[in-house]
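These notes are about the structure you will find just below.
Predicted, not measured: the structure shown is a model, and the values here were computed from it. Values below: every heavy atom of this structure, side chains too, minus hydrogens, waters and symmetry copies. Start at 1 and go down the list; that is how both ligands and their atoms are numbered.
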Amino acid sequence: MSAEETLNKLAQEISTCTKCVLHETRKKSVPGDGPANAEILFIGEGPGFHENEQGHPFVGASGKFLDQLLAQAGVTRTEVFICNVVKCRPPGNRDPLPDEIKACDIHLEEQIEIINPSIIVTLGRISMNKFIPAAKITAVHGQMRKVDERFVIPMFHPAAALHQAALKPSILADFVRLPDQLNEARAALGKPLIVAKKKEEINQDKPKQLSLF
Ligand code: SF4
């Protein structure tokens, strides 16, 4: 079975998963989107209202903001895999509870194993704590570190930056550094470096309006 087929099979299993109470209130599970060979895996917290309706991650306002941030790094959604710590929506957009995170971790671990990314970017405190327990995101955001056999970069959650304007310059600066960090990670992992996109190519990928900045 190819990595893509294995990911699809996992998404099927997630759609019928009853390992935690979140299955009782979900409309659609949100396993994650992206290529099975993605170099960068983004992990958010949990699906929100729009994600629960559509079954895809980051499709609301924070998703639009994430697209703008990705454009700053010269990458598009089709090149990265995006998922969440829990695959079903916590009611009322509350934080996922520890037992829900624990129950869903088996799915996240399987995704990491299948995709085998060079870099994991955690979006927000909850996914950061899986890899860097007890760290303060304000102190470590944007800093890449080796965690077991891959690299992890904690970043602010786009929704937090949307609600707190003071965080926007920080999250933007963190995303701008991502291509260099990917090459740093690839070099350390013995993989060939990726040639940076030309400025014109990056500009073509950018959304027309960067009004959120
Ligand atoms: Fe299963 Fe995860 Fe959904 Fe809980 S959140 S029901 S563990 S897929």
Side-chain angles (χ1 to χ4, degrees), residues 1-38 40-67 77-78 80-117 119-135 137 147-150 152-163:
M1 201 183 284
S2 70
E4 193 180 347
E5 288 167 339
T6 312
L7 267 186
N8 289 340
K9 183 168 170 282
L10 176 59
Q12 282 295 324
E13 288 168 16
I14 288 171
S15 71
T16 57
C17 175
T18 56
K19 288 184 195 300
C20 82
V21 293
L22 295 181
H23 82 277
E24 292 172 3
T25 48
R26 78 176 165 223
K27 201 162 184 180
K28 287 186 176 173
S29 60
V30 185
D33 286 348
N37 63 349
I40 306 175
L41 170 63
F42 287 87
I43 307 175
E45 298 183 348
F49 174 83
H50 296 287
E51 290 77 14
N52 182 50
E53 294 288 318
Q54 299 179 35
H56 296 287
F58 286 88
V59 290
S62 57
K64 286 198 179 74
F65 187 35
L66 178 61
D67 287 339
R77 282 215 188 199
T78 55
V80 300
F81 197 95
I82 302 175
C83 67
N84 285 300
V85 165
V86 292
K87 316 302 186 193
C88 304
R89 183 193 184 205
N93 288 352
R94 64 160 169 76
D95 285 348
L97 301 174
D99 62 326
E100 295 160 355
I101 295 169
K102 193 173 171 200
C104 212
D105 193 55
I106 189 170
H107 301 312
L108 180 56
E109 280 295 329
E110 199 171 339
Q111 289 177 315
I112 294 169
E113 193 181 324
I114 297 166
I115 298 164
N116 191 24
I119 289 181
I120 291 174
V121 177
T122 60
L123 299 172
R125 172 183 52 84
I126 291 174
S127 56
M128 176 189 72
N129 284 343
K130 170 176 168 61
F131 302 96
I132 316 169
I137 196 161
V147 178
D148 299 326
E149 73 272 29
R150 63 189 92 249
V152 174
I153 307 173
M155 292 198 193
F156 291 111
H157 195 286
L162 271 181
H163 293 129

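The 12-atom threshold is exceeded at CD of Gln54, counting heavy atoms of other residues, nucleotides or ligands nearer than 6.0 Å. In the displayed structure, Glu4 atom CD is contacted under 6.0 Å by at most 12 heavy atoms of other residues, nucleotides or ligands. No more than 12 heavy-atom neighbours from other residues, nucleotides or ligands sit within 6.0 angstrom of CD on Glu113. Within 6.0 Å of NZ in Lys19 there are 12 or fewer heavy atoms belonging to other residues, nucleotides or ligands.
When non-hydrogen atoms are compared, ligand 1 lies under 4.0 Å from neither the backbone nor the side chain of Glu100.
Of all protein heavy atoms, the one closest to atom 2 (Fe) of ligand 1 is Cys104 SG, 2.3 Å. Among all protein heavy atoms, the one lying closest to atom 3 (Fe) of ligand 1 is Cys88 SG, 2.3 Å. Of the protein's non-hydrogen atoms, the one nearest atom 4 (Fe) of ligand 1 is Cys20 SG, 2.3 Å.
Judged by distance alone, with hydrogens and angles left aside, the side-chain atoms of Asn52 form a donor-acceptor pair with the main-chain N or O of Lys27 at under 3.5 Å. In terms of modelled atom types and a separation under 3.5 Å, the side chain of Glu45 and the main chain of Pro96 share no donor-acceptor contact.
Ligand 1 places these atoms under 4.0 Å from at least one heavy atom of His23: 6 (S). Using a 4.0 Å cut-off to heavy atoms of Lys19, the atoms of ligand 1 that qualify are 1 (Fe), 7 (S). Which parts of ligand 1 touch Lys87 is read off a 4.0 Å heavy-atom cut-off, strictly below it: atoms 5 (S), 8 (S).
Taking backbone and side chain together, Cys17 holds an N, O or S atom under 2.8 Å from atom 1 (Fe) of ligand 1.
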